[in-house]
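Counting convention: from 1, in listed order, for ligands and their atoms alike.
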Amino acid sequence: MLENKKIIITGIANKFSIANGIAKSMSKNGAELAFLYQNERLLKRIKPIAEELGVATLVECDVSSDDSIDEAFSEIKTKWGKVDGLVHSIGFAPTDQLEGDFTEVTTREGFKIAHDISSYSFTALAKAALPILSENAALLTLTYLGSIQSLPNYNVMGLAKASLEANTRFLAASLGKKGVRVNAISAGPIKTLAASGVKNFRSMLTEYADRAPLGRTVTTEEVGNVAAFLCSDLASGITGEITYVDAGFNTSAMSSIPKNN
Ligand code: NAP
């Protein structure tokens with residue numbers, strides 16, 4: 001599905017990362033991959049993952065810095081010339097923003113950081129990649145249902161994900177004439193490093209499996225397979241879309257009628 005495609009993947013923190021599930025599926029489907037990692041500390045953790053998948057291009061890129069983004073893409077340009085896809089799998093808000101009552105805990109600084117790292121960075125990476133994007137390139141980001149429905153503790157990340165989804169549609173409109181597609185996957189909750197920053201995440205998983213039509217949560221591999229499809233030419237007619245990979249949770253208002261009724 002992805003033979004002869006060169007795809008950049010961001011956001012692998014460890015083997016549990018959604019981006020790792022995406023990398024595994026894309027590699028299995030024939031893509032050549034490059035990994036962007038935030039800093040030296042991360043390099044040690046992603047090296048074994050890169051070795052396992054035969055990924056030789058590892059480039060440092062902290063998305064909070066325009067200089068870091070510029071340096072990363074000039075390195076990719078030198079190594080690869082053209083790029084056929086980019087996966088943005090990055091999200092961050094300070095921990096104190098992800099615990100407690102939304103009105104009480106949300107601060108201007110927390111709001112700014114969450115939106116900068118979790119949403120603006122997608123635009124920033126798209127801008128940096130544009131000069132080397134091939135004609136049928138595909139960009140992809142990862143979002144969550146908290147963008148359209150409130151839930152405890154997710155707080156300002158919900159606002160940042162709403163921004164990211166709008167970002168997906170505006171980038172799709174902006175880049176469509178060049179043949180570039182831009183999509184998002186809204187993934188169900190998965191136990192990863194970023195997710196463990198959200199208070200009571202474990203209880204969320206149980207509640208989730210109870211209500212989802214498939215009666216379970218999803219895996220990073222399942223998200224990875226849809227990511228591979230969306231970045232392939234099989235999805236050539238799809239852009240600006242939010243695709244749910246959540247065992248159907250977003251389609252179900254209630255799992256069963258309470259027993260005493
Ligand atoms: P993860 O493994 O912790 O990945 C998050 C990644 O973002 C990490 O690699 C992290 O690097 C990176 N990152 C944060 N700040 C960065 C920066 N300034 N520059 C570059 N990279 C930075 O968690 P994940 O759950 O797979 O998250 C991936 C994406 O999926 C996020 O957008 C998340 O919101 C979304 N998502 C997750 C779930 C879920 O339940 N897990 C559900 C739906 C959507 P560091 O480790 O160095 O901070």
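A salt bridge does not link E135 to K178: none of the charged side-chain nitrogens sits closer than 4.0 Å to a carboxylate oxygen. A salt bridge links K79 with E75: the closest approach of a Lys/Arg side-chain nitrogen to an acidic carboxylate oxygen falls below 4.0 angstrom. A salt bridge between E222 and R216 is present, with a side-chain N of the basic residue lying under 4.0 Å from a carboxylate O of the acidic one.
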Quiz prompt | Derivation and outcome, side-chain hydrogen bond (donor to acceptor under 3.5 Å, both in side chains), residues D67 and S65 | solution = CA-CA 5 Å; D67 288 346; S65 153; 5.1 Å; no

Practice problem: May I have the step-by-step check of side-chain hydrogen bond (donor to acceptor under 3.5 Å, both in side chains) for S134 and D84, ending in yes or no? | Solution: CA-CA 5 Å; S134 64; D84 304 292; 2.7 Å; yes

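When all heavy atoms of S147 and E165 are compared, the pair lying nearest together is OG-OE2, 2.7 Å.
For ligand 1, the 4.0 Å heavy-atom shell contains residues G11, I12, A13, S17, I18, Q38, R41, L42, C61, D62, V63, S64, S89, I90, G91, I117, L142, T143, Y144, K161, A187, G188, P189, I190, T192, L193, A194, A195, F201.
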